[in-house]
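Numbering of residues begins at 1 and proceeds along the displayed sequence.
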Amino acid sequence: MAVPWEEYFRLALQEKLPAKIPEQSVDHFPPVLRLLEKRQELVDADRGLQAQKEVFQTTRAALKERWEQLEQKEQELQGSFVRFDKFLKDTEARRSRALRRAAQERLRADRREAEARRLRAQFEELQRERARLRCRLVRLEPCARLLGRVREQLPEFQEVPELVARFDGLVDMQAALRLTERQRLAELEEARARLQRLRDAGQGELLGQGQRRAQLLQRLEAARERTLRWESKWIQIQNTGAEKTLLLGRTRIAALNLFQLVCRHKTHPPALDIEDTEGQLEQVKLFILDLSAMLASLGQAKPTPAC
């Protein structure tokens, strides 16, 4: 890093000059001598600075030349770096293209291998199917001869496929009939099970009805007993009511007779209804009270016999 000239000379001058002049020399040396000493020191410092300046100029020229060489080498290195980077990019691009081609070749090879395996498996399957059909043909050869003889005996069928179609129709019809039969048997079993459940439910209902009938009979007997008890009580109540009614009639007749007797002894008898038994008894009561008061007053008024 370059240092400014002013800063460099200032630092050099500070190194040459003394840091501080002792205060004691001020009193021992005259001003002229101090001035000469200062001038001599400045001359020495100037010479030193000139020498350092020449050294610095030489060093600066050498450093400048070295710096130019370094810049030239740096430019050469940058060019080399650019060429090497370009070479690396070209190499990487060629490598990427080669890898993509290799991957595509591997993918195509895998596809061809998979297709070959599929074709081999399909070929093996076709061979097995061929062998199976050959075995089936050998096994069905007697059936074919039999069908030929049957067709000869049945002139209404022109070709063997017609006979086979007829046979297939009969087989389908037989299967449908068997299916229908199984369905009918299942429905019959379900109906039987439902009938058995109904029978069981009917028996349970009959048992329940019998139990309820027995309970109702017991309740009927208890009701009859209660009816007989209440009837006897009702008869007793009727008898008691008749007796009470008869007693009430006699009481009313007696009260009426008493009232009539009271009325005979009164100058102005009260006019009461013949059914007003309580009023009649009240008048009889008043009459008896009057008689009692009268008898009491007569007893008090009776003179005492002389001794």
Review item, side-chain donor-acceptor pairs of residues 77-100, under 3.5 Å, at least two apart:
residue: Ser80; atom: OG; partner: Glu76; partner atom: O; Å: 2.9
residue: Ser80; atom: OG; partner: Arg83; partner atom: NH2; Å: 3.1
residue: Thr91; atom: OG1; partner: Phe87; partner atom: O; Å: 2.6
residue: Thr91; atom: OG1; partner: Arg94; partner atom: NH2; Å: 3.4
residue: Ser96; atom: OG; partner: Glu92; partner atom: O; Å: 2.8

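- Rounded to the nearest 0.5 Å, atoms CD (Glu231) and CD (Gln238) are 10.5 Å apart.
- For the atom pair CG (Leu246) and NZ (Lys244), the distance works out to 11.5 Å, reported to the nearest 0.5 Å.
- Once rounded to the nearest 0.5 Å, the distance linking CG of Leu126 with CG of Leu119 reads 10.0 Å.
- Cluster membership check: Leu281 does not share its hydrophobic cluster with Phe259, using side-chain heavy-atom separations under 4.5 Å among Ile, Leu, Val, Met, Phe, Trp and Tyr.
- For the atom pair Met294 CE and Leu289 CG, the distance stands at 12.0 Å (nearest 0.5 Å).
- The number of heavy-atom neighbours closer than 6.0 Å to CZ of Arg128, taken from other residues, nucleotides and ligands shown, is above 12.
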- Task: Evaluate side chain to side chain contact (heavy atoms under 4.5 Å, CB included) for Arg120 paired with Phe123, printing each intermediate quantity in order.
- Result: CA-CA 5 Å; Arg120 283 196 296 271; Phe123 179 70; 5.5 Å; no

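- Residue Ile288 is grouped with residue Leu258 when hydrophobic side chains (ILVMFWY) are merged at heavy-atom distances under 4.5 angstrom, including chains of intermediate members.
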- Message: For Glu113 and Arg117: C-alpha separation, side-chain torsions, deciding distance, then whether salt bridge (charged side-chain N to carboxylate O under 4.0 Å, His left out) applies.
- Response: CA-CA 6 Å; Glu113 183 65 24; Arg117 287 196 298 270; 3.8 Å; yes

- Evaluation steps, salt bridge (charged side-chain N to carboxylate O under 4.0 Å, His left out), between Glu115 and Arg112: CA-CA 5 Å; Glu115 184 67 18; Arg112 287 194 293 271; over 6 Å; no

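- More than 12 non-hydrogen atoms from other residues, nucleotides or ligands lie less than 6.0 angstrom from CD of Gln183.
- Within a 6.0 Å sphere centred on CD of Glu65, heavy atoms belonging to other residues, nucleotides or ligands number 12 at most.
- Remark: the Gln196 side chain and the Asp200 side chain contain an N/O donor-acceptor pair separated by less than 3.5 Å.
- A donor-acceptor pair shorter than 3.5 Å cannot be found between the side chains of Gln72 and Glu68.
- Using a cutoff of 4.0 Å between basic side-chain nitrogens and carboxylate oxygens, Glu189 and Arg192 are scored as salt-bridged.
- Remark: Glu282 engages no residue in a side-chain hydrogen bond (donor to acceptor under 3.5 Å, both in side chains) (not counting sequence neighbours).
- The cationic group of Lys233 lies under 6.0 Å from the six-membered ring centre of Trp230 and within 45° of the ring axis, placing it in a cation-pi geometry.
- Counting heavy-atom neighbours within 6.0 Å of Arg66 CZ, excluding the residue itself, gives a total of 12 or less.
- At most 12 heavy atoms of other shown residues, nucleotides or ligands fall within 6.0 angstrom of atom CZ in Arg250.
- For the pair Arg229/Arg226, a side-chain contact is recorded, criterion being any heavy-atom separation below 4.5 Å from C-beta on.
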- List the steps, then state whether salt bridge (charged side-chain N to carboxylate O under 4.0 Å, His left out) holds for Arg178 with Glu181. CA-CA 5 Å; Arg178 286 181 179 177; Glu181 183 181 4; over 6 Å; no

- Applying side-chain hydrogen bond (donor to acceptor under 3.5 Å, both in side chains), run through Gln211 and Gln215 and close with a yes or a no. CA-CA 6 Å; Gln211 293 177 358; Gln215 293 176 359; 5.6 Å; no

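- Applying the 6.0 Å contact sphere to CZ of Arg212 captures more than 12 heavy atoms from other residues, nucleotides or ligands.
- How far CG of Leu216 is from CG of Leu220: 8.5 Å, rounded to the nearest 0.5 Å.
- Taken to the nearest 0.5 Å, the CZ atom of Arg106 stands 10.5 Å off from the CD atom of Gln104.
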